[in-house]
Amino acid sequence: MEFLISNSKIIGKDEINLNHILTESTFSFSQKIWYGYGGIPLFAENLEQIKVQTEALKLNLPKEFENRRELQRLTKRMLNKNKFYRSGYIDFQFFWTKNQVHTLITANACQEFDFPFSENGLLATFSIQKKLSQNPFNRFPFFNKMLWAAGIAEIQRSSFQQIIFLNENNSLCEFAFANIFLVKGKELLTPALSTGCYNDILRPHVLETAKLAGLQVLERSRIEESKIFEMDEIFLASENRGFQWILGIGNKRFLHHYSKKIHEVLLKKLKLNS
């Protein structure tokens, strides 16, 4: 990456000095947005989520949000100047100081053209960390990142690649950095937002495309831990992680079918939105 955006201006990466931002900032958070197919398909949803998060935290919204169309145009121009023509991620970072908020937008490129889908199945286990279902910040990425990091730390030096979070009622919530989706027969189950699960930007799109793929979609306020071993297929999905299917949990092994079909339908939708 040779160019980035700092406070509404595209500049060379060697021209920016972040010392005053990093030393003076009192709070910061970031959000990654996938780009591809010549556009940024989920740009509007991400900006709205950023707006809702800043309002929940009672922070001033960055001035760039006054003209979202111009912000999208500027972001696309930054991608073009970097010759990022295939796909990748844009990282929106915000730094609040005593008197103002600074915006830093960077990007990286991937080799793939389509929205990510991992062909390698993952082994997963349950975290000792619990989510509190009534916390109003549960749906936001900034709030969950430390919890997810703690969960990932539990499986370091193990054979597991993902970890599942339950709430205080031992009901399924999510994977680290992604929502959880379970398939049994022709039904797709996922935790309802009332469980305290993360509400990824991609979640409603997955539910919609699952219906198009021929599944009955059910959002459950309680899915017990033991229920997971009755499933035919389990996969995770998020804008940040893409699609990944679960090979096994404990001694249970799962099929790999509908996650691929849902991903294929979603690709068509993202292309139309680009």
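On a predicted model such as this, the values are computed, not experimentally measured, just so you know.
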Closest non-hydrogen contact found for Asn167 with Lys130 is O-CD, 3.6 Å

Can you tell me how far the CD1 atom of Ile33 sits from the CG atom of Asn240, to the nearest 0.5 Å? 11.0 Å

Quick one: salt bridge (charged side-chain N to carboxylate O under 4.0 Å, His left out) pairs with a partner in residues 115-125, sequence neighbours left out? Glu119-Lys260

Does a sphere of radius 6.0 Å around NZ in Lys63 hold more than 12 heavy atoms from other residues, nucleotides or ligands, not counting ones at 6.0 Å or beyond? no

Where at least one partner belongs to residues 197-229, residue pairs that pass ring pair (Phe, Tyr, Trp, His ring centres under 6.0 Å), sequence neighbours excluded: Trp148-Tyr198

Any salt bridge (charged side-chain N to carboxylate O under 4.0 Å, His left out) involving residues 188-208? Give me the pairs, sequence neighbours left out, ordered by first then second residue. Arg203-Glu219, Glu208-Lys269

Hits for side chain to side chain contact (heavy atoms under 4.5 Å, CB included) against Gln111, two or more places apart or cross-chain, chain-then-number order -> none

Quick check: does any side chain N or O of Ser238 sit under 3.5 Å from a backbone N or O of Phe177, one acting as donor and the other as acceptor? yes

Taking the side chain as every heavy atom from C-beta outward, state whether Phe95 and Leu104 have any atom pair closer than 4.5 Å. yes

Phe140 and Asn199: side-chain contact (heavy atoms from CB on, under 4.5 Å), yes or no, with the steps? CA-CA 7 Å; Phe140 298 135; Asn199 189 18; over 6 Å; no

So how far is it from Glu45 CD to Ile50 CD1, rounded to the nearest 0.5 Å? 12.0 Å

Determine, step by step, whether Phe92 and Thr106 satisfy the side-chain contact (heavy atoms from CB on, under 4.5 Å) criterion, reporting the C-alpha distance in whole Å, the side-chain angles of both residues, the deciding distance to 0.1 Å, and the verdict. CA-CA 7 Å; Phe92 274 65; Thr106 58; over 6 Å; no

Please report the shortest heavy-atom distance between Ala176 and Gln162, naming the atom on each side. O-NE2, 3.0 Å

Would you be so kind as to tabulate the donor-acceptor pairs closer than 3.5 Å made by side chains of residues 2-9, with sequence neighbours excluded?
| unit_1 | atom_1 | unit_2 | atom_2 | d |
| --- | --- | --- | --- | --- |
| Asn7 | OD1 | Thr103 | N | 2.8 |
| Asn7 | ND2 | His102 | ND1 | 3.3 |
| Ser8 | OG | Glu64 | OE2 | 3.2 |

Reported CG-to-CZ distance for the pair Leu172 and Phe165, which is rounded to 0.5 angstrom: 12.5 Å

Contacts of type side chain to side chain contact (heavy atoms under 4.5 Å, CB included), residue Ser158, not counting sequence neighbours: Ile155, Phe160

Could you check whether any side-chain heavy atom of Arg68 comes within less than 4.5 Å of a side-chain heavy atom of Gln72, counting everything from C-beta outward? no

Close side-chain approach of Leu207 to Lys211, heavy-atom, < 4.5 Å: no

Working to the nearest 0.5 Å, report the span between CZ of Phe126 and CD1 of Ile164. 4.5 Å

Please walk me through it: do Glu70 and Arg73 pass salt bridge (charged side-chain N to carboxylate O under 4.0 Å, His left out)? CA-CA 5 Å; Glu70 172 59 21; Arg73 186 199 67 79; 2.7 Å; yes

Restricting to side chain to side chain contact (heavy atoms under 4.5 Å, CB included), what partner residues turn up for Ser118, sequence neighbours left out? Asn120, Gln244

Got Gln49 and Ile201 here, is their nearest side-chain heavy-atom distance under 4.5 Å? yes

Distance-only polar pair, side chains of Glu224 and Ser171, donor-acceptor under 3.5 Å: no

Verify side-chain contact (heavy atoms from CB on, under 4.5 Å) between Thr54 and Asn60, making sure each step is shown before the conclusion. CA-CA 7 Å; Thr54 56; Asn60 294 326; over 6 Å; no

Tell me whether Met1 is reachable from Ile40 by hopping between hydrophobic residues (I, L, V, M, F, W, Y) whose side-chain heavy atoms are closer than 4.5 Å. yes

With no hydrogens and no angle check, is any side-chain donor or acceptor of Asn135 less than 3.5 Å from a backbone partner on Gly196? no

Would a distance-only check, ignoring hydrogens and angles, find a side-chain to backbone donor-acceptor pair under 3.5 Å from Gln156 to Ala153? no

Is it the case that the side chains of Asn46 and Lys32 hold a donor-acceptor pair, with the cut-off being a distance below 3.5 Å and no angle test? no

Looking at every non-hydrogen atom in both residues, tell me the closest pair between Pro191 and Cys197 and how far apart they are. O-SG, 3.7 Å

Selection residues 76-100 - residue pairs positive for side chain to side chain donor-acceptor pair (under 3.5 Å), sequence neighbours left out: none

Yes or no on salt bridge (charged side-chain N to carboxylate O under 4.0 Å, His left out) for Lys227 and Glu230, after CA distance, side-chain angles and deciding distance? CA-CA 5 Å; Lys227 200 76 174 175; Glu230 300 175 13; 3.4 Å; yes

In Å, rounded to the nearest 0.5 Å, how long is the span from CG of Leu122 to CD1 of Ile234? 11.5 Å

Sequence neighbours excluded, which residues qualify as side chain to side chain contact (heavy atoms under 4.5 Å, CB included) partners of Ala109? Tyr35, Phe84

One should read off an interatomic distance between Ile246 CD1 and Gln161 CD, to the nearest 0.5 angstrom, of 8.5 Å

Tell me whether the rings of Phe27 and Phe29 are parallel (<30°), tilted (30 to 60°) or perpendicular (>60°). perpendicular

Would Leu212 and Leu267 show up in the same hydrophobic cluster when neighbours are defined by side-chain heavy atoms closer than 4.5 Å? no

If every non-hydrogen atom of Arg139 is compared with every non-hydrogen atom of Pro136, which pair is closest and at what distance? NE-O, 3.8 Å

Joint cluster assignment, Val101 & Leu74, ILVMFWY side-chain distance < 4.5 Å: yes

Which label fits His263 and Phe243: parallel for a plane angle under 30°, tilted from 30 to 60°, or perpendicular past 60°? perpendicular

Taken in chain and number order and not counting sequence neighbours, the residues that satisfy ring-ring contact (aromatic ring centres under 6.0 Å, His included) with Tyr37 are Trp34, Phe113

Do Ser30 and Lys145 have a side chain donor and acceptor closer than 3.5 Å? yes

Closest contact, heavy atoms only, Gly248 versus Arg253: CA-NH1, 3.5 Å

Does the side chain of Lys51 reach to within under 4.5 Å of the side chain of Leu61, using non-hydrogen atoms? yes

Tell me, with the steps shown, if Leu189 and Val217 meet side-chain contact (heavy atoms from CB on, under 4.5 Å). CA-CA 6 Å; Leu189 290 77; Val217 173; over 6 Å; no

Can you give me the closest heavy-atom contact between Cys110 and Gly88, atom names plus distance? SG-CA, 3.7 Å

Would you say that Phe254 contacts Asp232 through its side chain, given a criterion of any heavy-atom pair below 4.5 Å between the two side chains? no

Minimum side-chain heavy-atom gap Glu154-Gln129 below 4.5 Å: yes

Pairs in or reaching into residues 175-195: which pass side chain to side chain donor-acceptor pair (under 3.5 Å), with residues at least two apart or in two chains? Lys186-Tyr258

Please identify each residue that fulfils ring-ring contact (aromatic ring centres under 6.0 Å, His included) with Phe181, with sequence neighbours left out. Phe235

